[in-house]
K.L.:
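The structure's right below; bear with me while I get my questions together.
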Amino acid sequence: GDGRAPVVAGPSGDPRQAYPSDPDLETGEFEIPAEGLTAQQRKRALNRLETYLVGKHETMVGFQGNQDMANYQQDLARFLEFHLNNVGDPFQQGNYKVNTKIVERAVLDHYASLWRAQWPYDADNPDSYWGYVLTMGSTEGNLYALATARDYLSGRKLISEPGGGQMVYVQAAPPAGDGRAAPDNAYRPVAFYSEDTHYSVIKAVRTLAIETFAAIGRRDYPGQCPIADEWPMEVPSKGGADGSGEIDVDVLEPLVRFFAERGHPVLLLLNFGTTFKGAYDNVEKIAARLVPVFAEHGLLERDIEFEPGRTDRRRGFWVHVDGALGAGFMPYLRIAAAEERGSELGAQLRREIKDRVPEFDFGLRVHDVDVVSSLVMSGHKWPGAPWPCGVFMTRNKFRVEPPSTPAYTGSPDTTFAGSRNGLSPLVLWNHLASKSLREHAAAAVGALRLTRYLESSLRELEDRLDWEDRLPAGGLHIDRSPLALTVRFRQPVDAIIEKWSLSCQPMVMNSGELRHYAHVFVMPSVTAEKIDAFVEDLFAEGAFDRPE
Ligand SMILES: COC(=O)[C@H](CCSC)/N=C/c1c(COP(=O)(O)O)cnc(C)c1O
């Protein structure tokens with residue numbers, strides 16, 4: 001400490017003991033005393049923090065957050081002069097004029113184009129895209145998508161009372177049952193997602209009181225699970241823990257059919273770049289197997305009668321693609337794949353993609369159905385925004401509130417947040433605009449190439465350790481899922497985890513063996529030099545000598 005009198009410790013003790021400590025940062029340095037801090041004290045504290053961050057930034061390889069978005073500081077610092085707020089709908093100017101909505105709309109249009117949606121936004125076109133730049137990351141987008149899907153599938157609608165007063169939710173009456181399925185199932189959506197799904201989805205499902213197939217199955221259909229004695233909590237991934245991390249379509253289909261037969265609308269949340277294994281659910285294959293099930297049980301199109309003569313035509317299913325990482329990255333591979341075969345870019349890509357780039361977006365049509373209802377992407381993952389942000393996108397025809405409510409003087413509150421970040425559209429715009437599509441595609445192909453380099457470097461390390469008889473029993477468990485930007489391997493000692501900010505996960509393998517994995521994500525900020533330095537650290541004595 002610097003001899004200062006300690007902050008009056010709170011009622012439950014002194015923060016200097018209560019909080020986790022880091023060898024490079026002292027809690028006491030950042031306490032805010034009643035008398036405030038002098039300029040020198042503030043400077044010293046902030047210098048200490050900056051020094052710490054410089055160190056960590058250099059060796060950050062463990063999460064899917066690109067650390068090196070270029071030139072946002074010099075290009076955007078001037079906008080810190082303003083109190084930006086994009087409150088309300090991006091396509092309605094609203095009364096809060098200090099906003100960057102014009103930039104937000106350009107970012108949304110660009111992603112609409114990358115995700116093959118109909119753009120520019122047109123309030124009168126049911127198939128036009130609608131979306132907004134998120135103030136949180138994909139967690140907000142997943143929450144918003146699931147809230148919209150829940151209301152859409154439950155026959156709810158947000159309308160403005162006659163005379164343009166309050167906005168109120170109205171609920172359609174369940175259709176007269178056709179005997180085969182309990183009529184009130186028609187508005188009880190059932191959520192399905194895989195065991196590799198990010199915890200933000202489980203949080204969203206609980207927060208929004210959406211029922212999962214497991215919850216309904218265990219309560220209403222005990223012992224009737226079509227794929228196992230007991231209803232699994234989540235849809236199993238193909239090959240279980242040993243597998244790639246993508247959802248098992250052969251298991252998903254009977255589970256969905258079970259509820260479709262009983263008249264339930266179906267809410268599918270699919271992963272496109274899973275958190276730990278970087279796996280992609282096969283959206284095309286899932287649609288090819290499930291659209292016929294929806295058609296068979298009247299879930300492709302349904303009439304929702306709100307009042308006599310006032311009906312909406314809606315689907316009985318919703319496909320949300322959690323593209324937190326993959327939606328920002330995969331479109332560039334499609335652009336690279338479209339390059340003429342002889343090009344360097346095309347050739348490099350061919351080494352990674354045997355047949356075709358997996359489809360996940362609004363351009364995907366299966367059995368003549370446009371499959372995807374909503375999509376989300378994190379801006380701080382592939383694009384590399386320096387704070388959490390992202391993009392949520394859907395189509396007008398899937399929205400439950402009227403796209404424009406003239407009754408409002410300002411702008412309809414159509415997004416999940418109230419106040420909305422006005423800097424995020426700028427940082428995304430800067431990122432998108434500072435490279436051509438081809439240059440973005442080259443960065444994506446380059447990241448795949450480096451991921452292959454990481455994998456081969458780890459396998460070489462395994463051979464070196466084995467040669468020197470220093471290989472841990474069972475080996476380094478090196479694995480990489482198809483097209484993934486990450487490689488997973490045996491968790492090293494804590495000092496290495498802390499230096500390289502590694503994300504770790506215990507996994508009970510199909511054999512019952514408990515393994516501790518770590519992974520590296522090869523984002524654009526991860527270079528071959530960083531990979532070499534990282535692998536060298538793993539070669540050091542005792543790198544894998546974990547106590548367990
Ligand atoms: C352990 O790593 C994570 O939780 C990272 C976020 C940190 S990396 C920048 N993943 C977040 C994530 C999320 C939540 O996204 P955010 O809210 O933007 O963090 C949603 N879906 C998937 C597939 C995700 O991987």
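Start at 1 and go down the list; that is how both ligands and their atoms are numbered. Any value given below was found using the heavy atoms of this structure, including those in side chains, with hydrogens, waters and symmetry copies removed.
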K.L.:
Quick check, are the ring centers of H477 and H516 under 6.0 angstrom apart?
P.N.:
no
K.L.:
So which residues, sorted by chain and number, lie with a heavy atom under 4.0 Å of ligand 1?
P.N.:
F63, Q64, G65, G137, S138, T139, N142, H198, Y199, S200, G273, T275, D322, A324, S378, H380, K381
K.L.:
Identify the heavy atoms of K277 and D196 that sit nearest to each other, and give their distance.
P.N.:
CD-OD2, 3.9 Å
K.L.:
Do W115 and F362 have ring centroids that are under 6.0 Å from one another?
P.N.:
no
K.L.:
Using 30° and 60° as the class boundaries, would you call the ring planes of Y144 and Y132 parallel, tilted or perpendicular?
P.N.:
perpendicular
K.L.:
Examine H519 together with Y517 and report whether their ring centres are nearer than 6.0 Å.
P.N.:
no
K.L.:
Would you say the ring centers of W231 and F259 fall short of 6.0 Å from each other?
P.N.:
yes
